[in-house]
J.: 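I have a structure here, written as structure tokens, and I will follow up with some questions on it.
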There are 2 protein chains.
Amino acid sequence: MTVASKTVSDVIHSHFGALTRAEKQLAESLLDNYPVSGLGSITTIAENAGVSTPTVVRMVQKLGFKGYPDFQAHLHQEVEATISNPIAKHDRWATNAPGTHILNRFADAIIGNLRQTLTGVDTATFDSVAQLLSDRKRSLYFVGGRITGALAEYFFTHMQVIRPNTALLSANSSSWPQYVLNMSPGDLLIIFDIRRYEQELVSLATAASKSGAEIILFTDQWASPAAKLAKHTFRVQIEAPSAWDSSVVTLFIVEALIEAVQNSTWDETKERMKTLEGLFEQTRLFRKLG
Amino acid sequence: MTVASKTVSDVIHSHFGALTRAEKQLAESLLDNYPVSGLGSITTIAENAGVSTPTVVRMVQKLGFKGYPDFQAHLHQEVEATISNPIAKHDRWATNAPGTHILNRFADAIIGNLRQTLTGVDTATFDSVAQLLSDRKRSLYFVGGRITGALAEYFFTHMQVIRPNTALLSANSSSWPQYVLNMSPGDLLIIFDIRRYEQELVSLATAASKSGAEIILFTDQWASPAAKLAKHTFRVQIEAPSAWDSSVVTLFIVEALIEAVQNSTWDETKERMKTLEGLFEQTRLFRKLG
DNA sequence: CTCACTCTGAAAAATTCTTTTCATGACAGT
DNA sequence: ACTGTCATGAAAAGAATTTTTCAGAGTGAG
């Protein structure tokens, strides 16, 4: 590499005195709105600067680059450095852990997943789903796969407290038809399906669709085939430094939804929670007496 | 201009469902380190994504661009917008969300929890627990409370694949005594108990201790009363901008443990997973993904 | 199992970009 | 005015990039 560790801008400045008229004109055009102005083809920047393409070639070679592609590669690196620095630079996580400890590696991966997932999730989608889930008139059905069943259960457990008409479909698909039988148009089927997508869930989604139920899908970045049937889909980044996929970010979305739903109908929810507390107390009392 | 005012990222996301396998692979590659990854020539990005150049052309046309140059011109505009507007960088979190959207508030909170938890967790403890869980001679018993039951189930589901002698205690405490009856000295009882600590779990922990079982506890920063009986305790930050506590970081620790255990006995685990795959194939529960 | 279909990348064709060549013109010194 | 030097861009040559074509592989339906 001819030019090391100095920015292209630096190089231009240091050579500026040795440039000819047309080259100075070009250099100023490049420095104006640097470094973006150098992103296009040699033809483009020559036109923008009002010079000919040979002038561009001559100048970048004079600056020490092998040719225009070499020059542009350096610019790209700088653009990358400028763009991709911000929040990511966390100062080491677990203080007393070596940098390669699984906890730190995992943390890095999860933060990356979270970031990517959030840039991919449309807040309008999120809000729509929250509103659908808040609608008491719609019954809710939760279902997950072998691994994601626990997420479905977690979601269900909370929603059951917040509102009526919620059901958790068991892992055993033989009982699913009876649930589908009861689905009315407007009801919601919340499906968790990440890779090693389960064919049965697609069948379930199809059947539910025919009953008029609307489907909300939590899946991974590669998207379950059920996505075609879903009204709203959350595509979550699930990759971890592990033989297993990570459900952490999925759980994150679920918890955010729980809060959004609860928040939209807090008065009613509060009442339900109070009642529930009372019921728990009574149960404990039963136990103690028994 | 074919595509107006939407970012290339948006366009990719909105078309993602309609993309084919190779195209999704390419889209992932582009979104990873976006938008810099799309700065090079079509050949470069095709190579980076591991697809052919025709795939790139087909995808960008499917996305609504005239061709690759058109696509890249849009990217350049975005890079320019991003660079020349420093404020825009920070809200790359959730794209078009105001800073106070629940998703962003939640993300901030979770990152904080994660950071705090990791500085609090001793890696020696983590490694000890991983080693205990790897020991085939010890039987594992998982149990959780009303909310945390799903976490116990999640942990159990994975460990069941990785190693033999695992059991999930049902939510119904009436069946617990039979499990305690079978516990031998050295067995492990993994308890999840976060606030609104459940008295029954303390009773269970006490009984298990008397049988010689060792207790691993996942609890919150205030620590469940069962902590006194536990050999190892993970104190996790659980506060979220919500009426509910967050289980995200707890799940994070669980997944890291799963990986650590699996990694320490990978050969054996691999065999088990293969066998399991075979069983699934036989029952046609799973289906190869496309 | 067969057939129709889609997806995919190798390779060719078309296009665009990059570099080189070269003629022109400006200018300084003789 | 003449000559040599240099800067510059038009245009050609050379290299790439981009697009199109096409055949094989894979998939799903019947």
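Letters A, B, ... are given to chains in the order of the sequence lines, protein chains preceding strands, and every chain is numbered from 1. The figures here come from the full heavy-atom set of this structure, side chains too, leaving out hydrogens, waters and symmetry mates.
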J.: Without hydrogens or angle criteria, can the side chains of B:Glu255 and B:Tyr154 be said to hold a donor-acceptor pair below 3.5 Å?
T.: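 Yes, a side-chain donor-acceptor pair sits under 3.5 Å.
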
J.: May I ask you to decide whether B:Arg163 forms a salt bridge with B:Glu268, counting only side-chain N to carboxylate O separations under 4.0 Å?
T.: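 Result for this pair is no, no salt bridge flagged.
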
J.: Tell me: CZ of A:Arg58 to P of D:dC6, nearest whole Å?
T.: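 Spelled out: CZ on A:Arg58 to P on D:dC6 is 13 Å.
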
J.: Is any NZ, NE, NH1 or NH2 atom of the basic residue among A:Arg58 and A:Glu23 found under 4.0 Å from an Asp or Glu carboxylate oxygen of the other?
T.: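 Not counted as a salt bridge, because no side-chain N and carboxylate O are separated by less than 4.0 Å.
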
J.: For DNA chain C, which nucleotides open and close the run of contacts to chain A, 5' to 3', at under 4.0 angstrom from a non-hydrogen atom?
T.: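 Endpoints of the contacted stretch of DNA chain C: C:dC17 to C:dT20.
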
J.: Rounded to the Å, how far apart are A:Glu47 CD and D:dG9 C1'?
T.: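 A:Glu47 atom CD is separated from D:dG9 atom C1' by 13 Å.
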
J.: Once you measure the plane-to-plane angle for B:Phe252 and A:Phe106, does it fall in the parallel (<30°), tilted (30-60°) or perpendicular (>60°) bin?
T.: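 Perpendicular: the ring planes of B:Phe252 and A:Phe106 meet at over 60°.
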
J.: Taking five pairs at each end, how big is the angle between the two axes of the helix from C:dC1-D:dG30 to C:dT30-D:dA1, to 10°?
T.: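 Here the local axes at opposite ends form an angle of 20°.
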
J.: Can you check the A:Gln61 CD to D:dA7 P distance for me, whole Å?
T.: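 After rounding, the reported distance stands at 14 Å.
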
J.: What is the nucleic acid contact for A:Gln25, judged by heavy atoms within less than 4.0 Å: base, sugar-phosphate only, or nothing?
T.: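 Answer is nothing: A:Gln25 stays at 4.0 Å or more from every strand.
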
J.: Please give me every residue in residues 14-23 of chain A whose heavy atoms get under 4.0 Å of an atom in DNA chain D, ordered by residue number.
T.: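 Close to the strand are A:Thr20, A:Arg21, A:Ala22.
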
J.: Tell me which of A:Thr44 and A:Pro54 sits closer to the 5' end of DNA chain C, going by the nucleotide each one is nearest to.
T.: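 Whichever sits nearer the 5' end wins; that is A:Thr44.
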
J.: Would A:Arg105 and A:Asp108 pass as an ion pair if we require N to O under 4.0 Å?
T.: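 Answer for the salt bridge query: no.
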
J.: Which label fits A:Tyr141 and A:Tyr179: parallel for a plane angle under 30°, tilted from 30 to 60°, or perpendicular past 60°?
T.: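 The rings of A:Tyr141 and A:Tyr179 stand perpendicular, inter-plane angle above 60°.
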
J.: Heavy-atom count around A:Lys210 NZ within 6.0 Å, excluding the residue itself: above 12?
T.: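 Not buried by this count: 12 neighbours or fewer within 6.0 Å.
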
J.: So does A:Arg235 pair up with A:Asp220, basic N to acidic O under 4.0 Å?
T.: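 No, no charged N to carboxylate O under 4.0 Å.
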
J.: So for atom NZ, which belongs to A:Lys228, do other residues, nucleotides or ligands contribute more than 12 heavy atoms lying within a distance under 6.0 Å?
T.: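 Not buried by this count: 12 neighbours or fewer within 6.0 Å.
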
J.: Do A:Trp244 and B:Gln262 have side-chain atoms, one donor and one acceptor, less than 3.5 Å apart?
T.: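 Side-chain D/A pair, A:Trp244 to B:Gln262: present.
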
